[in-house]
Amino acid sequence: EVVMEEAIREIDGVIDEVRTELGRVVANKHLSNTRLMEENNKYEELASNIELAIEKGRDDLAEAAISKQLDIEVQIPVLENNIADCGTKEKELESYIQALQAKKREMQDDLKQYRESNKEAAAVSGNGPVTSENTKQSVNAKVEKAESAFDRVLEKATGLSSGQHRTDAQTAAQVSELQDMAHKNRVNERLQSIKNKMNG
């Protein structure tokens, strides 16, 4: 009976840990949603400012605004992917909590039946409670299964590898220069496109 009670407390501990992880995921999702809305608003505001700068003959200001727009365009898919990932993790964690709660109820029922059977046996034989090694093994197996489920949750939620690759300094500098060149080219192309649209 002591072993069974301890196993149920272990399940409670696992549920609390999963709930903590769920809270972190939900908070991350909320922050990403807020950031996405802010970036979309900035993007729309920049679009209006670009046209105003061109009308005033300030191509330099228009280029700066276009450059900022391109930066936002890179960030938006990252935020959207993070929101989607958090949504998936949130559902997984909620499912694990439900499964663990169901397992806890099952174990509580087992404990109740065990106590009742001990009372019946004691009444018939006049002896103390009957211990069952099979019952202990069954409860321990259930605890191990619940902990295994929790480990899978943690691995899925936090065990992502970065997959980063190292490069030498010269290669990194050349790649950076190429990226800057491509970025400036996109700014000029978009500026010309906006001018053509306004003139047309």
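Because the structure is predicted, anything quoted here is derived from the model rather than measured. Atoms considered below: every heavy atom in the structure, side chains included; atoms not considered: hydrogens, waters and symmetry mates.
Side-chain N or O atoms of N82 include none that pairs as donor or acceptor with a backbone N or O of V78 at under 3.5 Å. Side-chain atoms of S67 never come within 3.5 Å of backbone atoms of E63 as a donor-acceptor pair (strictly under, hydrogens ignored). Between the side chain of S117 and the backbone N or O of Y114 there is at least one donor-acceptor pair closer than 3.5 Å.
The distance from the CD1 atom of I66 to the CD1 atom of I194 is 4.0 Å, given to the nearest 0.5 Å. Annotation: the span from D71 atom CG to E39 atom CD amounts to 9.5 Å, rounded to 0.5 Å. Interatomic distance, OG1 of T88 versus NZ of K29, reported as 9.0 Å (0.5 Å rounding). Between M107 atom CE and K104 atom NZ the span is 10.0 Å, to the nearest 0.5 Å. In this structure, CG on N196 lies 9.5 Å from CG on L191, to the nearest 0.5 angstrom. Here the straight-line distance linking atom CD of E5 with atom CD of Q108 works out to 11.0 Å at 0.5 Å rounding.
One side chain, E189 or N185, offers a donor N or O that lies under 3.5 Å from an acceptor on the other. Side chains of D109 and Q113: no donor on one and acceptor on the other come within 3.5 Å.
Put simply, the residue from L31, N28, V26 that forms a side chain to side chain contact (heavy atoms under 4.5 Å, CB included) with C86 is N28. Considering N40, L36, T34 as possible partners of E38, the one that fulfils the side chain to side chain contact (heavy atoms under 4.5 Å, CB included) test is T34.
No more than 12 heavy-atom neighbours from other residues, nucleotides or ligands sit within 6.0 angstrom of CE on M37. E80 CD: more than 12 foreign heavy atoms inside a 6.0 Å radius. More than 12 non-hydrogen atoms from other residues, nucleotides or ligands lie less than 6.0 angstrom from NE2 of H183.
L22 and I83 are not part of a single hydrophobic cluster, where members link through side-chain heavy atoms under 4.5 Å apart.
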>> Using salt bridge (charged side-chain N to carboxylate O under 4.0 Å, His left out), reason through E92 and K89 one step at a time and then give a plain yes or no.
In response: CA-CA 5 Å; E92 288 179 354; K89 290 177 184 177; over 6 Å; no
>> What verdict does the side-chain contact (heavy atoms from CB on, under 4.5 Å) test give for E45 and N41, after you've listed the backbone C-alpha separation in whole Å, the side-chain angles of each residue and the deciding distance to 0.1 Å?
In response: CA-CA 6 Å; E45 184 179 352; N41 290 336; over 6 Å; no
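Salt-bridge check for D59 with K195: passed, with a basic side-chain N closer than 4.0 Å to an acidic carboxylate O. Remark: E116 does not engage K119 in a salt bridge, criterion side-chain N to carboxylate O under 4.0 Å. A salt bridge links K103 with E106: the distance from a Lys NZ or Arg NE/NH1/NH2 to an Asp or Glu carboxylate oxygen falls below 4.0 Å.
Using a 4.5 Å heavy-atom cutoff, the side chains of L61 and L52 are not in contact. The shortest side-chain heavy-atom distance between V25 and E21 falls under the 4.5 Å cut-off. Using a 4.5 Å cut-off on side-chain heavy atoms (C-beta onward), I50 and R190 make no contact. K68 places none of its side-chain heavy atoms less than 4.5 Å from the side chain of Y43. At least one side-chain heavy atom of M198 sits under 4.5 Å from a side-chain heavy atom of E51. Using a 4.5 Å heavy-atom cutoff, the side chains of K42 and Q69 are not in contact.
Closest heavy-atom contact between A53 and A62: CB-N, 3.8 Å.
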